[in-house]
Structures are given as C-alpha cells and as structure tokens.
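Working notes, beginning with the structure itself.
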Amino acid sequence: MAGDRTRVGNVEILACNDGMLELPVQMVFPTLAAGAMTPFNQRYPQTVSPQGNILDPMGFYVLRSQGKTVLVDTGIGPGPIEAFGGVRGNLPQELRRQGVKAEEIDVVLLTHLHPDHVGWNLTAQGRPTFPRARYLVHRADWEFFTNRDNWKLLPYPYVESCVLPLQRLGVLDLVTGERAVTGEVTTLPTPGHTPGHMSVLIASAGQRAIVTGDVSVHAAQVTETDWNTAFDGIPEMASETRRQLLDRIEREGMIMIAGHFPVPGIGKLVRLQGKRYWQAL
Ligand SMILES: [Zn+2]
C-alpha cells in the first residue's frame, strides 16, 4: 500500500477523503446487465456496501511542487447534503491530518464542476476557503454550469453557493488546453464526463502520474472503458476519452490517481489474463 502520502519524482502527493457516498448500482450504471459487476465486486471489495450498493469515496489531493501547494478538488462540502443521504464532508479535518493549512494553498484546481468536487470552495460566509488561492476551472465547464438552462439537470442548487461567487470574488482563472500550474504539474483536458473536465498530469524526475478526476468513477471502468455512468454528461465522448486516456496511462506506465477509487486512490494498471485492471500501489 502506498498509504496516503506518496511521491512522484519531486512532487509530494497527499491523499485526503471528504467522505463516502453509498449509491445503488442501478443509479450509477443504469444500463448494466445483472451480474456484470460481480467480478469487480470481488476484485474491489472496498467498493461494495453490506447492502450491495456502491461505496464511493470522495477523494481529493494536495500536491506540493516547486514551492507551490495545489489542491485538486474540494469535495462535497460541509453538508448535510440531503440529495446524497445527508452526507457531511470532512475536508478541514483531512487537511489538518495531512498538516496542510488553508492559507498555504496557492491553486485550487477543479477537475470539473460537479457537486462532489466543489463543495468546500467557499466558507459559510461566502469567502474563499483558501484565501490566497487562485481557483482554476476549464472555460467549457464554467460556461455549461453557469448557464441557468442547465441547472434543472443538477441535484441541488450548489452552483449558486459554491461556484458562481468565484467570479465576483475575483479568484477565478478560466483555462483551456494544457495549462502549466508548476513546471511539474499540468492540466490535461479530458472532456466527456462534463464538457470541460480536466485531468492533472504530474511529471517529475522521470516519473509520471495522472489525477484522472471522474474520467473513471469506478475501478471497473479501467477494464470496461465503454461502461458509462449516469453522471457522464456527454456519454460517447466520455467513453472515448476514457479509452484513450487509459490506453495512454498503460502505455506510458503512469501512476493513476482517482478520487472515487478505493482510498487513497493511488494505483497502477496491470494486465491479468489479458485484461487491464487498476491495482492499488
Ligand atoms: Zn465525482
């Protein structure tokens, strides 16, 4: 086990978990044939609740690189979030556990604008939780999620409280393409789950890793790249992006970091009897 602190070259990666969602398989994968998940439940027992639901951690990561501290995603927020079973996030405790202060964060990199990735952006008073940080969002996600016509698709009105104020507060940086956050950390557009979904490429001292956001929400999708979830906004693009990115990760032998995979979500890709799987480090 890598534990929840690891290094990729000179980049330190601190894994945190804002909390656990429990979701029925039929909600996440509505079109899946009965029994299709069984082999993955056996391979990834941490993803199955006693009731047979999917246990879905909400991981987020702190990267320390070249004197900068980068936070990748901000969890679901303090809650309780009634739309998700009354869940309460615990980002502040997790940062404290990892020895990270909110004032240290230079960049908040939001992989996408779904509610389980932006929840701690702002305080209850509507101030930035990370007072020195710039908040990076892909322009296509900003345009989609701030368009009121799309709000009926969202489970609760979190965009108004957690996302829209970033612009008025003057802390928002909209990005497109590949954006160097440090000399070792770069955004990589991976659209499909949402229009502007981004992954985060880490390359340092000959080692490479990628934080894949929600390109794959369940570890089964590393093997079955054409399995989309109900949360994939543009399904065909999501599965094409997933196939291409997973092929690249495997080809280049990169470490794959995924916040919804078994905690702490840091692993590598392996081949077993011809099939590709994610395996915790
Ligand atoms: Zn998510």
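Numbering of ligands and ligand atoms starts at 1, following listing order. Quick note: residue numbers are just sequence positions, from 1. Scope of the values below: all heavy atoms of this structure, side chains included, with no hydrogens, waters or symmetry mates.
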### Query
From L246 CG over to M256 CE, what is the distance, rounded to the nearest 0.5 angstrom?
5.0 Å

### Query
Are D106 and R134 ion-paired here, with the side-chain N under 4.0 Å from a carboxylate O?
no

### Task
May I ask you to list the protein N, O or S atoms found at less than 2.8 Å from the Zn ion (ligand 1)?
D116 OD2, H117 NE2, D214 OD2, H260 NE2

### Task
Report the C-alpha separation of Q221 and S216 in whole Å, then their side-chain angles, then the decisive distance to 0.1 Å, and conclude whether the side-chain hydrogen bond (donor to acceptor under 3.5 Å, both in side chains) test is met.
CA-CA 6 Å; Q221 294 170 292; S216 302; 4.8 Å; no

#### Entry: Under 3.5 Å: donor-acceptor pair, side chain of W151, backbone of F145
yes

### Task
Before giving the answer on salt bridge (Lys or Arg N to Asp or Glu O under 4.0 Å), spell out for E104 and R64 the whole-Å C-alpha distance, their side-chain angles and the decisive distance to 0.1 Å.
CA-CA 10 Å; E104 288 178 69; R64 294 201 194 270; 3.0 Å; yes

### Query
Do side-chain atoms of R242 reach the backbone of T225 as a donor and acceptor pair under 3.5 angstrom?
yes

